[in-house]
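Lettering follows sequence order; numbering is per chain, from 1.
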Amino acid sequence: MASETRDIIINGLWKQNPGVVQILGMCPTLAVSTSLVNGLSLGLATAVVMALSNTAAALVSRLVPPAVRIPIYILIIATLVTMVDLLMHAYLLQLYLVLGIYIPLIVVNCIVLARVEAYASKHGAFYSFLDGLMMGLGLSLVLAVLGGMREIFGKGLLLSGIDLALGPAANAYVIHVLPGYQGLLLSILPPGAFIGLGLLIAARNRIEQVRALPRRSASLQPQQAT
Amino acid sequence: MSGKVYPIPGGLHPPEHKTESNAKAIIVAPLSAHYVVPLRQHIGQPARALVKAGDSVLKGQMIGAPEGRISAAVHAPTSGRVVAVEARPVAHPSGLPDQCVVIEADGKDTAADMQPIAWRDLPPGELHQRLVNMGLAGQGGAVFPSHVKLATGGTPIETLILNGAECEPWITCDDRLMRERATEIMQGAEIMRHALGAKRILVGIEDNKPEAAQAMQSACEQLKLAAEVTAVPTRYPSGGAKQLTQLLTGLETPSGKISTDIGIQVFNVATAYALQRAVELGEPMLTRVVTITGHVAGPCNIEARLGTPIDELIRLAGGDLAETSGHVIGGPMMGFDLDDTASPLVKSVNCIIAKNQELFPPHPPAMPCIRCGQCALVCPAVLQPFELYWHAKSKNFAKARAYKLFDCIECGCCSHVCPSHIPLVDFYRFAKSEIAADDRAKLAAEGARQRHEFQLLRQEREKKEKAERLGKKASERLDTGAVAADDPEAERKKAILEAAIERARQAKEAVHAKNTESLTPDQQHQIDEIEARRQAAPQDSEQQA
Amino acid sequence: MISAIIVMAVIGLVLGSVLGWAELFYRVAGDPLADKINDILPQTQCGQCGFPGCRPYAEAMAKGEADINRCPPGGEPGIQRLADLLGVEAKPFGEGVAPKPKSVALIDENTCIGCTLCIQACPVDAIVGASKQLHVIVADLCTGCELCLAPCPVDCIHMEVVHETVNNWKWRYPLIPIHQQREAA
Amino acid sequence: MNEFSHNIKLTSLSLFGFSVVGAVLLAGTFQLTRPSIEKSERDAKIKLIAQVLPAGSYDSDLVKSAHPLPADPLLGLRKPGEYYPATLAGKTSAVVLEAIAPDGYDGEIKLLVGIQPDGQLTGVRVTEHHETPGLGDYIDIAKSQWIRQFDGKSLDNPKPDDWKVKKDGGKFDYMTGATISPRAVVKAVEHALDYFAQHKAELLAQEVNHGQ
Amino acid sequence: MIGSPFILKEHTSVRFTMIKVMAALVPGTLAYAWYFGPGIWISLVWCSLLGIGFEAVALVIRGRPLQPALTDGSVLLTAWLLALSIPTLAPWWLYMTGMFFAVVVAKHLYGGLGQNLFNPAMVGYAALIISFPVFMTQWAAPTTLANIVPNLSDAFDLVFVGGSITPDAYTSATVLDSLKTATRGGHTVLDAFAQPIHGLIAGKGMELVAIMYLFGGLFMISNRLITWHIPVAFLAAIALTAGVLQGLDPAHHAGPLFHMMAGGSMLGAFFIATDPVTACTTPRGKLIFAGLAGFLTVIIRTFGGYPDGVAFSILILNTAAPFIDAFSQPRVFGHAKGVK
């Protein structure tokens, strides 16, 4: 019981992280992660959709005939995403304008359907909910870190745009990491997203490599590097 | 005298190093004390040994018979006694030993009966049958059995090409042979032309061998042969069969095919010479001319008997000079390192080069490939060598094959010019042999799968048949009202089996204790017993299918 | 609002019936994946994977019921190929399972009693012989599965590692000294 | 055939069911959020327009009092746009015009220009542009304060000859290496002022909605 | 143990190749120093030092031996090309950022020499022009036009300390810049060409530097360092595209000769597009690669957001190079025509 829960959490956040391991849902990951606030907002919106769609799919999986499995899952996801879209439009307009098309695009984010199809259709409602949430949070984590990185290098700021989510008063939270910094514009522009994501993936692989090192050397002779 | 020369792609011109050895006449090697004759001196199946240790043989006697379609015979180079038939070091890139017939010469050099072949009386297409046991194999390097090449197999041969290009640096054996024995070569060519029914003969000789070309030209005139001697540009690898074919005829040999498919047959000049001797004198292939050069005291060409140990040949060339760092078999572009100079001379060896640091500097360390494309410029097969390297290095063999790895002739041009000093050809050889091994494994697996599936099918059928039979028996028994008892037949079989097992166990212990060659009476008794049992027991055919 | 709901409902109804029809109409028989997997397996039929032969193991993998690291004769390259085909990550062999050098079985002529048990055990019909006659293993056909070892009542069969000869010699991967390799082998 | 019809019934009904449920849910959410969406959209537009007006200089509903503005080359408008009169205590305090600078480095630059009845600028903002990031985009208030130098300017201040960037001999600042974008904006603002001067009467005569 | 061939061509090595390419850059660099002041030497030396430093650091981090990689000359060539592609007299950290992107990001993150997908110098250039467009448009003016010609010590001051001279005194826009400014501002090509920065064909001084690059390129072709395919196709495509545009609207588009001589055309044609690691390698592939790059160069110059398009077009085509290569494989010996 507990180990199942732990596995789901570890999978979502690290082992099977959608952003840097499965490399799914690249479109929003690259387009929206211009700042921590943007990245995190879209990530959380996705997480909400994933948690709910996973739960819904798990609940109805027995009612669904196999031939229309995918259409019905898409229908569930689309309904949830449109609801999130309408709610954000109503109550978080500024953020909604910044994230723009990427909110409705959550429908076609493969990670959402992938989890519904691969996990929720075969597991119970609670675990499916947890899986969706954790996968979504894993994506949010990547989006947040990537957004933060790009923001720091690009503008020398952190948490810029937080007023979009929390109102003008929150402007006080904006952190000036490097005062007088020129700003590496490349980082904010699309190439920066690719380079940043590449670095994140590389960093994660490196960590895994280092962690696996003592185990490997014990059982396997290291291959000659060529 | 020169015919038209067509352009070919790629190629290069490394330092020639021909003058070291091409000035002196061919030396005939004296009789050696012993000879080591490998049974595999050609492409295809190795020959099957016809002699065993202790046999005496005569010069020219066949000691290995061709096995299968593509194979060649081997013959005793002199008269003497067979000392052994065993694995000995041979000149092979692997450095692995191979089966050889070792002959101790008796010094008499008594020849076996040798009968010339009346080739003019034989219709074309029949001569090759008379040559099957002559041991002829191409002397250019590929050592393909010549009698197979002389059997046209239905494809009409328009053109016969004699390959005297000798494009590799250092090698001069063909040059000397052409200068000294042009008449015999051209006679051989005429025999070939007759056997193949070819219409014309083209002789391709690189233009750095004018004397040889002159000699060949005079021989043609003397013999009144309609042959065209053409000087081709000195540009490696003009001596490649496909390259020479294109140089002389402008025709490209299709990939995966041989020149025969476009009506052309190519033979090395030395092969024509050996054929002439086989046909006119009845002498099977016993000798060849080999260049001994490089870091030796007296570089020269030696006509030596096959099976002569290489160190003996080196001695004849004055011996290795100080600081010799090894020997190359073949030319510097396509040859290989010789592991053991005790290895014998074989049909494929046209050159032995003694290396030193100055002539053959050590290979510089390889740098990363920068895709400069120098290799592609010199590739005679118009390949993209760096792509092949990339895929071979990463063991992506399917891709390597898709980039036409098997059109590579391993001429070494790419490695020669590579600014990064990458041993490109080594990577291709590696990939090729991995792919070949993989293909073999696939074939074996497919065979195993089919046999297994057939076995399953058979078992299924047998089970069904048995069930039917039992059903029938049971109904019969019911009919007679007999009660089914333990099968006495099965009991009897079991008892016999157990007895046999016990006897075998004892036999095994005995075998393990003593040498199997000399059997003790006890063992003999056991074996007799088994044999007797085998004789006595009725054939139980039901167990086998 | 109502119109939107009606439109959605009609679309659902139409698409649902089309898909329901298509599902039956385009139904595919058999499992092409199992065939592809079976092509990769070395066909030794040795049963070391725990399945009675290569085909059953391939079918189990196709269904996702068996792991890809259970075929020692296929070696690490075999695992890699399976991983590539199935789109999963390659994993090393488990504890105690390791590929052995390629071997063939050899029957000791002095001990064989001609019981035919090995002939029946051989999954690829590589053993010839008749009852009470000496049996011979055709080395070219032998897959080295070792299934004939156990049934032999007199232990007359042993495995012989296939050594490198001029015939089956392969060029080594460059940059690794060839001589060193040879000594190690 | 029976198998077919059964399967078709099953799949179509289930997809039908899910469609209906989904559609109902969405319809509900839509109804629920509609007022909020409309309100926040309007708030946002007001906020945008209000940028060019000093705080407290108006008390009217800017969005509701929008009026059509005909296409006019002086404003750079190729399609009709809108303008927004603002009033303070019933008196017109300013007019906000939509204008376009057609000759930006990379296409049109859309502007809002706020003008007091006396022809003095209350403010200018760029609402949309495609200028090179880091080079021409300092005309955007989000990137720099450059656009604020228009505050308080009018056709006579500076003199018509000085309605140029400093590089061309005028009075307006620019950044080295990027003169096209500010040049375009300066010209567009000047033209907008011209337009206001020519159509002052009609622009100020419009009725204003006081429903704030 | 390495098999045949046992003899290698003499005087061939990666280092020798790189040195010859750098030798081919010498005339262009000398002309540059002559027309634009000695500042180029400062950026050359500074970029080289940075390049070696970054290369060494990257090698250490990657756990690779320093030796063959550090002295193969490739990083110096990258440094040289980058120094020639970006304005001289820019602040020191600008070069540093550029060299960081060139050596660390474009080269070593991809696996070092021979593995990089993108031309390192152009990645450095692109990163700079995207991030710091203001600095990247302040080119040193030709000495004949500048109010002040900074000497070597002034230049050192400007680069490393900041200096007290305002940029306007010694910089000017390039001809491509002034052309773009003019045509975007509604003026004609002739207005742009009336500017003092415009010489006979293209930029004053710069046109002669371009001719020197051309000579260097011809030296490389005659030395078989590069084949003719890429430079010819690149320049021909530039000429053709510019010619078509000029034919359509002569008032707002400069002609073929101008585009061939202006900006980075010549440097790109002979030294950058020809980088064998990142370019196409098959003969047909080279023509397609360079042709498309030349076409894109003029398109970006005319319609894009940045004055010059050489770097971007080559970088874009770098991504397509493996693909172009894959379908432009030459006919292998013995394979029928039209069969892949």
Side-chain angles (χ1 to χ4, degrees), chain B residues 8-10 12 14-15 93 169 242 246 252-257 328 330-337 353 355 359-361 363-374 376-377 379-384 386-387 403-404 407 410-413 415-421 423 425-426 429, chain E residues 1-18 20-21 64-65 67-69 71-74 77 111-116 224-227 229-230 274-283 285-286 321-322 325-326 328-337 339-340:
Chain B
I8 58 165
L12 44 82
K242 292 182 174 184
Q246 194 181 23
E252 229 174 76
T253 312
S255 168
K257 300 200 168 175
V328 174
M333 296 298 286
M334 290 185 74
F336 56 89
D337 269 315
I353 309 173
K355 297 197 288 187
L359 294 170
F360 294 89
H363 203 106
M367 299 273 293
C369 170
I370 53 168
R371 299 169 62 88
C372 65
Q374 299 291 334
L377 291 179
C379 180
V382 206
L383 295 163
Q384 301 282 297
F386 48 87
E387 302 277 12
Y403 275 91
K404 315 281 190 284
D407 282 300
E410 298 177 25
C411 65
C413 289
S415 298
H416 180 79
V417 298
C418 180
S420 293
H421 310 305
V425 181
D426 285 0
R429 292 188 187 116
Chain E
M1 181 60 106
I2 288 164
S4 60
F6 297 104
I7 45 170
L8 301 182
K9 199 175 171 192
E10 292 187 315
H11 310 302
T12 46
S13 69
V14 173
R15 189 188 310 172
F16 199 56
T17 306
M18 297 291 171
K20 281 198 272 189
V21 175
R64 298 295 156 102
Q67 210 7 259
T71 51
D72 62 20
S74 62
L77 182 59
L113 179 66
Q115 308 276 324
N116 46 312
R224 287 184 133 219
L225 286 169
I226 56 171
T227 61
H229 302 80
I230 288 179
T274 53
D275 168 22
V277 177
T278 55
C280 280
T281 44
T282 65
K286 283 177 185 172
D325 269 343
S328 67
Q329 286 293 313
R331 188 183 66 90
V332 173
F333 184 90
H335 285 266
K337 267 179 190 134
V339 179
K340 242 196 93 184

Undergrad: Tell me, for B/Pro169 versus chain E, whether the close heavy atoms (under 4.5 Å) come from the side chain, the backbone, both or neither.
TA: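 When you check distances to chain E, only side chain atoms of B/Pro169 fall under 4.5 Å.
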Undergrad: Main chain of B/Val425, side chain of B/Ser415: is a donor-acceptor contact present, judged purely on distance under 3.5 Å?
TA: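 Side chain of B/Ser415 to backbone of B/Val425: a pair is present.
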Undergrad: Taking E/Gly334's backbone N and O only, do any of them form a donor-acceptor pair with B/Glu252's side chain (distance below 3.5 Å, no angle check)?
TA: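 Side chain of B/Glu252 to backbone of E/Gly334: a pair is present.
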Undergrad: Select one option (side chain, backbone, both, neither) describing which atoms of B/Lys355 are under 4.5 Å from chain E's heavy atoms.
TA: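 For B/Lys355, the contact with chain E is made by the side chain alone.
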Undergrad: So what's closer than 4.5 Å to chain B heavy atoms on E/Thr17: side chain, backbone, both or neither?
TA: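 Side chain only.
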Undergrad: Using atom types as modelled, flag every donor-acceptor pair under 3.5 Å from a side chain in residues 3-13 of chain E to any protein atom, sequence neighbours excluded.
TA:
from: E/Ser4; atom 1: OG; to: B/Met333; atom 2: O; distance (Å): 3.4
from: E/Ser4; atom 1: OG; to: B/Gly335; atom 2: O; distance (Å): 3.0
from: E/Ser4; atom 1: OG; to: B/Arg429; atom 2: NH2; distance (Å): 2.5
from: E/Thr12; atom 1: OG1; to: E/Lys9; atom 2: O; distance (Å): 2.9
from: E/Ser13; atom 1: OG; to: E/Phe16; atom 2: N; distance (Å): 3.1

Undergrad: Under a 4.5 Å heavy-atom cut-off, does chain E meet the side chain of B/Pro254, its backbone, both or neither?
TA: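 Both backbone and side chain.
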Undergrad: Do E/Thr282 side-chain atoms and E/Gln329 backbone N/O form a donor-acceptor pair below 3.5 Å?
TA: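 No; judged by distance alone, with no hydrogens or angles, the pair does not exist.
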Undergrad: Once side-chain hydrogen bond (donor to acceptor under 3.5 Å, both in side chains) is applied, do any residues pair with E/Ser74, and if so which ones, sequence neighbours excluded?
TA: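 Expected list: E/Asp72, E/Lys107.
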Undergrad: Pick one of side chain, backbone, both or neither for B/Leu359, based on which atoms fall under 4.5 Å of a heavy atom in chain E.
TA: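 Looking at B/Leu359, just its backbone touches chain E.
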Undergrad: In terms of heavy-atom proximity below 4.5 Å to chain E, should B/Ala376 be classed as side chain, backbone, both, or neither?
TA: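 B/Ala376 has no heavy atom closer than 4.5 Å to chain E.
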Undergrad: Would you mind checking if E/Asp325 and E/Lys286 are paired as a salt bridge, meaning a charged N to carboxylate O distance below 4.0 Å?
TA: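 Here E/Lys286 does not pair with E/Asp325 in a salt bridge, since their nearest N and O are not under 4.0 Å apart.
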Undergrad: Measuring heavy-atom distances to chain E, does B/Glu410 have an atom under 4.5 Å in its side chain, in its backbone, in both, or in neither?
TA: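 It is neither, since no heavy atom gets under 4.5 Å.
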Undergrad: Would you give the length of the straight line joining atom CD of B/Glu387 to atom OH of B/Tyr403, rounded to the nearest 0.5 angstrom?
TA: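 OH of B/Tyr403 is found 4.5 Å from CD of B/Glu387.
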Undergrad: With a 4.5 Å cut-off on heavy-atom pairs, point out which of B/Arg371, B/His421, B/Met334 contacts chain E the most.
TA: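 Option with the greatest count: B/Arg371.
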Undergrad: So what's closer than 4.5 Å to chain E heavy atoms on B/Pro14: side chain, backbone, both or neither?
TA: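 For B/Pro14, side-chain heavy atoms alone lie under 4.5 Å from chain E.
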